[in-house]
Amino acid sequence: MPELPEVETVRIGLDRLLPGKIIERVTFDWPKGFPNTPADVDAFLVGARITAVKRRAKVLLIELDSKYSLVIHLKMTGQLVFRGAEQAFGAGHPNASLVGNLPDKSTRVTFTFKGGDHLFFNDQRKFGWVRLLPTAEVPQIDFFQKVGPEPLAKDFTATDFANRLRRRNGSGIKAVLLDQTVVAGIGNIYADESLWGAKIHPLEKVGQVSDARLKMLYQKLVDVLRLSIEKGGSTDKNYVDAEGKRGSYLTFANVFRREGKPCPRCGTTIIKTRVAGRGTHLCPHCQKELV
DNA sequence: CACTTGACCTGTCCGC
DNA sequence: TGCGGACAGGTCAAGT
């Protein structure tokens, strides 16, 4: 589910709520998703104080003063929702919330803090995962060894972007955007939105796209990621931020989930098709496939 | 080797 | 209303 803007939105929320909190209890029974032993959890998590919440690619890093970190991937349907002690476990949040009483049937891990606040890891489809690791070992995990650069990093340029994509000149460009080892954090929504912005057909081979158009794609990608973070991400079905609130980016989406509606640029009806195994939205007039 | 396809899960929606 | 099948925002492993 969540892509870079959604994970970043959760990070911002958690980083406001969690630092300083001390973990008092952790409830979990999900060996596949959270394989650490109760002994490890007791030793390195219970009693530890949260120092910071960071993000790399679509992965959240909750750092602790025990020199351990919680490494969390939300995958498709993961949610990390904070409930203050005064909210009890109920849904009585002042903002429209997608989540009701917690824990619920999708709750996989519950963190209880000293003072009675809670953090719930919910994941309907159980694709997500949680790992407790020594902070120093976090960069060594397979995913971080292979993942590409952050598209919003200050030192990441249009030229860097083009050079990374060019390593896969023979592939369709959407598949390359979705490949986390090329550039980190892009998923189905922002691949479709940025390709529409740059007027590139998702099946076009990277090798056929000019440098100028790759540069345009970089700009559209950065724009759409920044806009989405500003809007709190995209909520289609499951995604919520750290307070259980929806994101509003999809209100601004140009093609994603807009099949049958007019292209905002030319009025042609937007179509949905399948590319790289994923539902793919595009304007058949603006985004012509070069043969 | 590079690229594509299925698998992982649960839930929902759509057509018959 | 019931049932089967397709599909859902991500990533790996296995296959071609």
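Letters A, B, ... are given to chains in the order of the sequence lines, protein chains preceding strands, and every chain is numbered from 1. Computed over heavy atoms, backbone and side chain alike; hydrogens, waters and symmetry mates excluded.
Across the protein-nucleic acid pair, A:Arg246 atom CZ and C:dG9 atom P stand 16 Å apart, rounded to whole Å. Distance A:Leu250 CG to C:dA8 P: 14 Å, rounded to the nearest Å. Look at NE2 on A:His281: it is 10 Å from C1' on C:dG9, rounded to the nearest Å. One interatomic measurement links the two molecules: CZ of A:Arg278 to P of C:dC12, which rounds to 13 Å at whole-angstrom precision. Taking atom NZ on A:Lys237 and atom C1' on C:dG10, their separation rounds to 15 Å, with Å as the unit. Note: CD1 (A:Ile72) to P (C:dG10) measures 18 Å, nearest angstrom. Straight-line distance from the CZ atom of A:Arg167 to the C1' atom of B:dC3: 15 Å, rounded to whole Å. Protein atom CD1 of A:Ile186 is 11 Å distant from nucleotide atom P of C:dG10, rounded to whole Å.
Distance from the side chain of A:Ala175 is smallest to B:dT4 among C:dG9, B:dT4, B:dG11.
Between the A:Ser228 side chain and the A:Tyr249 main chain, no donor and acceptor come within less than 3.5 Å of each other.
Counted by atom type alone, A:Lys174 and A:Thr280 present one or more donor-acceptor pairs between their side chains at under 3.5 Å.
Taking side-chain N and O atoms only, A:Lys58 has a distance below 4.0 Å to OP1 or OP2 of C:dT11. Residue A:His73 places none of its side-chain N or O atoms closer than 4.0 Å to OP1 or OP2 of C:dG10. Taking only side-chain nitrogens and oxygens, A:Gln180 comes nearer than 4.0 Å to OP1 or OP2 of C:dT11. Residue A:Arg168 has no polar side-chain atom (N or O) positioned under 4.0 Å from OP1 or OP2 of B:dA2. Regarding contacts with the backbone of B:dT10, every side-chain N or O of A:Lys105 stays at 4.0 angstrom or more from both OP1 and OP2. Applying the 4.0 Å criterion to OP1 and OP2 of B:dT10, one finds that A:Lys126 has a side-chain N or O inside that range. Note on A:Arg274: every side-chain N or O is 4.0 Å or more away from OP1 and OP2 of B:dT4. OP1 or OP2 of B:dA7 has not a single side-chain nitrogen or oxygen of A:Lys32 nearer than 4.0 Å. A sub-4.0 Å separation between OP1 or OP2 of B:dC3 and a side-chain N or O of A:Ser171 is present. The side chain of A:Arg125 contributes no N or O atom lying less than 4.0 Å from OP1 or OP2 of B:dG11.
Both distances falling under 3.5 Å, in either a Watson-Crick or a G-U wobble arrangement, occur for no nucleotide opposite B:dC9.
Within the 4.0 angstrom heavy-atom criterion, no nucleotide atom of any strand lies near A:Gly277. If you check every strand for non-hydrogen atoms under 4.0 Å, A:Asn188 touches sugar and phosphate atoms only. When heavy atoms are screened at a 4.0 angstrom cut-off, A:Gly279 is found touching the sugar-phosphate backbone but no base atom.
By the criterion of a centre-to-centre distance under 5.5 Å and near-parallel planes under 30°, the ring of A:Phe143 forms no stack with the base of C:dT11.
Between C:dA14 and B:dC9, the distance separating the two P atoms is 15 Å to the nearest Å. Taking the P atoms as reference points, B:dC14 lies 16 Å from C:dG9, given to the whole Å.
Relative to the ring axis of A:Trp196, A:Arg265 places its NZ or CZ within 45° and under 6.0 Å from the centre.
To the nearest 0.5 Å, the span separating OG1 on A:Thr135 from CG on A:Leu64 amounts to 7.0 Å.
The residues A:Asp211 and A:Arg166 are annotated as salt-bridged, a charged nitrogen and a carboxylate oxygen being separated by less than 4.0 angstrom.
Closest of all the heavy-atom pairs between A:Arg125 and A:Thr77 is N-OG1, 3.0 Å.
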